[in-house]
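Comments concern the structure below.
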Amino acid sequence: VSFVDVLVAGGGPAGLAAARAAALAGRSVLVLDDEDGPSGSGLTLWPNALVALRTLGLAEAVMAAGQVADGMLMSRPDGRSLQQVSAERMAEACHGNGIGLTREALLRELVAGLPAGVERRRERLLDLTQDEAGVQVRTTGGEYRAAVVVGADGARSRVRELLLPQDGLRRLGMRVVRGTSRLRLGTPAAEVSMGRGLQFGIFGLPDGVYWFAAYPARRTPAGTARVSGADALRTAGELFGGWHEPIPQLMASTADSHVLVHDVVDRRPPAAVWGRGRVTLAGDAAHLAAPTMGQGTCHALEDAVALGNALARGLEPRYLRAYEAARTPRSAAMVRRSHLAAVSGQWANPLVCGLRDLAMRSTPAGAQTRQLRAMFEVGAADLLLA
Ligand SMILES: Cc1cc2nc3c(=O)[nH]c(=O)nc-3n(C[C@H](O)[C@H](O)[C@H](O)COP(=O)(O)OP(=O)(O)OC[C@H]3O[C@@H](n4cnc5c(N)ncnc54)[C@H](O)[C@@H]3O)c2cc1C
């Protein structure tokens with residue numbers, strides 16, 4: 001049995017960033033993940049993620065792997081604007097713009113950013129038990145003992161299941177198809193077009209575009225475990241084929257193999273603390289949100305900074321509870337806001353959608369800025385810097 005200060009289960013954004021933060025805090029770290037290699041589609045990192053990355057000393061590397069968006073745009077299916085925030089106004093209000101990059105590129109930079117001495121093993125955490133002095137962890141590769149265990153093992157977290165078995169997933173009735181295309185659009189705005197129960201998002205990547213199409217989740221065809229990329233692309237083509245350019249073009253230029261399908265789930269917003277004893281959670285394991293605000297990875301990076309600051313103070317349970325208490329208000333608000341957006345995004349009634357569009361068109365600039373700041377502005381207390 002080998003001993004480490006911090007054992008991190010999960011080598012996604014939360015786990016890798018937490019590993020760096022813990023190592024920078026002077027702790028010995030072991031990261032476990034049994035995934036074959038980086039998978040996933042594009043994602044957007046918003047200004048709050050950049051604050052976290054800057055604190056971790058990774059902002060430049062990640063920015064170089066991504067494409068900065070030219071502001072934000074909300075549109076109707078015919079392309080008419082509902083709301084527009086220029087890059088300058090975003091930068092002024094939130095100290096930055098969104099950055100589009102692939103999950104693969106982000107993970108590559110996070111791995112490259114692991115200090116020497118952080119050990120990674122291709123193993124899966126199976127079980128854990130703890131006493132006053134430490135945690136005993138059983139994995140597919142053996143047994144470890146750690147002063148602290150961080151469950152950064154994603155939406156279907158095994159660590160969370162062991163800590164909080166009562167909290168199930170909530171299905172939200174929305175299916176999201178994501179694709180990446182090599183189509184060059186210059187420097188596009190981060191654009192989301194809203195129809196009746198349908199949404200389409202467009203975000204630039206350094207060498208193309210990633211897009212998402214959200215529509216009501218129908219039952220998976222009988223006899224199939226899940227909807228294939230080809231099925232999803234066909235359905236999206238039928239639903240969004242008549243929407244404004246470049247939407248049809250984007251879908252037509254996307255290969256089936258570059259499509260991912262998710263039925264949206266989330267969990268109840270986190271309560272005051274989410275850990276027990278010497279075990280805590282980070283990222284989706286702690287606060288799974290609907291992807292509607294594009295904040296899951298951003299909050300995983302924020303978690304890592306706060307956790308690093310807690311671990312710098314000590315490895316006793318009270319420091320883990322301080323980390324959780326610092327993170328809960330902001331992550332609970334993010335889960336709630338994302339849930340609401342998933343519900344309102346499915347409104348299909350023409351009258352209701354007309355009112356929603358009217359409200360978006362007539363939101364004054366000051367109110368828009370306040371909404372953006374609520375999401376993208378992260379304070380010292382949120383990161384346990386204070
Ligand atoms: C459709 C969609 C679009 C999204 N778009 C955005 C976006 O634009 N911006 C954004 O910020 N977020 C976005 N997100 C959210 C984002 O994907 C997640 O919030 C983010 O991946 C969370 O990181 P994580 O490290 O907590 O979990 P994950 O990325 O899920 O990583 C968990 C890791 O743990 C490993 N693991 C699992 N179980 C074990 C175990 N027992 N032992 C060891 N390892 C284990 C897995 O193999 C995986 O590598 C989106 C999500 C979806 C579904």
Side-chain angles (χ1 to χ4, degrees), residues 7-19 30-50 52-53 62 66 69 98-104 106-107 110-111 120-128 137-141 144 149-162 172 174-179 190 192 199 201-203 205 210-214 217 232 259-267 281-304 331 334-335 338 342 375-376:
L7 183 147
V8 180
L16 292 173
L30 169 64
V31 183
L32 304 178
D33 197 309
D34 68 349
E35 208 168 72
D36 281 341
S39 63
S41 184
L43 58 91
T44 307
L45 294 179
W46 295 101
N48 54 314
L50 284 178
L53 287 167
V62 172
I99 293 182
L101 80 174
T102 60
R103 175 179 165 97
E104 192 179 343
L106 175 64
L107 293 181
L110 291 174
V111 167
R120 292 165 68 213
R121 292 203 183 169
R122 216 160 139 182
E123 294 172 23
R124 190 172 184 77
L125 179 144
L126 298 173
D127 210 351
L128 57 82
V137 175
R138 191 165 62 81
T139 75
T140 44
Y144 301 94
V149 169
V150 180
D153 46 348
R156 288 173 172 77
S157 166
R158 172 68 181 147
V159 178
R160 185 185 178 98
E161 188 181 48
L162 293 164
L172 296 181
M174 178 188 257
R175 180 163 295 158
V176 181
V177 184
R178 283 182 294 171
V192 177
Q199 291 177 42
I202 302 174
F203 307 87
L205 293 173
Y210 89 87
W211 56 265
F212 77 79
V259 172
L260 278 185
V261 194
H262 278 91
D263 282 351
V264 171
V265 289
D266 74 353
R267 274 203 186 85
L281 305 170
D284 280 3
H287 42 64
L288 180 65
T292 37
M293 308 305 287
Q295 279 288 318
T297 307
C298 304
H299 272 243
L301 298 171
E302 289 185 23
D303 288 348
S331 51
M334 183 272 292
V335 172
S338 305
M375 276 189 295
F376 301 151

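Read the numbers this way: they start at 1 and go in the same order the structure lists the ligands and their atoms.
The N/O atoms of T44, backbone and side chain alike, include one that comes under 3.5 Å of an N/O atom in ligand 1. Checking only distances, V176 never comes within under 3.5 Å of ligand 1, N or O to N or O. Annotation: C298 places an N or O atom under 3.5 Å from an N or O atom of ligand 1; distance criterion only. An N or O contact shorter than 3.5 Å links D33 to ligand 1 by distance. Any N or O atom pair closer than 3.5 Å counts here, and P13 shares at least one such pair with ligand 1. The shortest N/O to N/O separation between E123 and ligand 1 does not fall below 3.5 Å. Residue contacts with ligand 1: T297 is placed with a nitrogen or oxygen under 3.5 Å of a nitrogen or oxygen of the ligand (distance criterion only). For ligand 1, the polar-atom distance check against A14 finds a nitrogen or oxygen pair separated by under 3.5 Å. Some N or O of L125 is nearer than 3.5 Å to an N or O of ligand 1, by distance alone.
Of all heavy-atom pairs between R267 and A155, the closest is NH2-O, 3.0 Å. Contact detail for L172 and A290: the closest heavy-atom pair is CD1-CB, 3.7 Å. Contact record, N48 with H299: ND2-CD2, 4.0 Å, taken as the closest heavy-atom pair. Across all their heavy atoms, L288 and D266 have their closest contact at O-CB, 3.4 Å. Across every non-hydrogen atom of A190 and W46, the tightest pair is CB-CH2, 3.9 Å. Between D153 and A285 the shortest heavy-atom distance is OD1-CB, 3.9 Å.
Atom 36 (N) of ligand 1 has its closest protein heavy atom at D153 CB, 3.8 Å. In this structure, the protein non-hydrogen atom closest to atom 34 (O) of ligand 1 is G10 CA, 3.3 Å. Of the protein's heavy atoms, G296 CA, 3.9 Å lies nearest to atom 15 (C) of ligand 1. Closest to atom 43 (C) of ligand 1, if we only count protein heavy atoms, is L32 O, 3.5 Å. Considering only non-hydrogen protein atoms, atom 51 (C) of ligand 1 sits nearest to P291 CB, 3.7 Å. Here the protein heavy atom with the shortest distance to atom 31 (O) of ligand 1 is G12 CA, 3.6 Å. Nearest protein heavy-atom contact of atom 1 (C) of ligand 1 is R178 NE, 3.3 Å. At the shortest separation from atom 30 (O) of ligand 1 among protein heavy atoms lies G154 CA, 3.6 Å.
Using a 4.5 Å heavy-atom threshold, the side chains of Q199 and M174 count as touching. You'll find the side chain of V62 stays beyond 4.5 Å of the side chain of I99, heavy atoms only. The closest side-chain heavy-atom distance from Y144 to L30 is below 4.5 Å. Contact annotation: the side chain of L101 never approaches that of Y210 to less than 4.5 Å [non-hydrogen atoms, C-beta and beyond].
Shown in contact with G283 at under 4.0 Å from a heavy atom are these atoms of ligand 1, numbered in order with element: 26 (O). Atoms of ligand 1 lying under 4.0 Å from at least one heavy atom of R103, given by number and element, are 21 (O), 28 (P), 29 (O), 31 (O). Under a 4.0 Å criterion applied to the non-hydrogen atoms of R158, ligand 1 contributes the atoms 41 (N). Atoms of ligand 1 lying under 4.0 Å from at least one heavy atom of Q295, given by number and element, are 10 (C), 11 (O). Atoms of ligand 1 found under 4.0 Å from any heavy atom of Y210 (numbered from 1 in listed order, with element): 8 (O). Each of the atoms 18 (C), 19 (O), 20 (C), 22 (C), 26 (O) of ligand 1 lies under 4.0 Å from some heavy atom of D284.
In this view, R156 satisfies the side-chain hydrogen bond (donor to acceptor under 3.5 Å, both in side chains) rule with no residue, not counting sequence neighbours.
Aromatic ring orientation, F212 versus F203: parallel (interplanar angle below 30°, classes split at 30° and 60°).
In this structure, R158 places its CZ atom where more than 12 heavy-atom neighbours from other residues, nucleotides or ligands lie under 6.0 Å away.
Heavy-atom distances between H299 and ligand 1 stay at or above 4.0 Å for every pair.
A distance-only check finds a donor-acceptor pair linking the side chain of D33 to the backbone of G11 [under 3.5 Å].
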* Tell me, with the steps shown, if D263 and R175 meet salt bridge (Lys or Arg N to Asp or Glu O under 4.0 Å). => CA-CA 4 Å; D263 282 351; R175 180 163 295 158; 2.6 Å; yes
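When heavy-atom distances to ligand 1 are checked against a 4.0 Å cut-off, S157 has no atom that comes that close, whether in backbone or side chain.
The closest non-hydrogen atom to atom 6 (C) of ligand 1, taken over A214, G294, A155, comes from G294.
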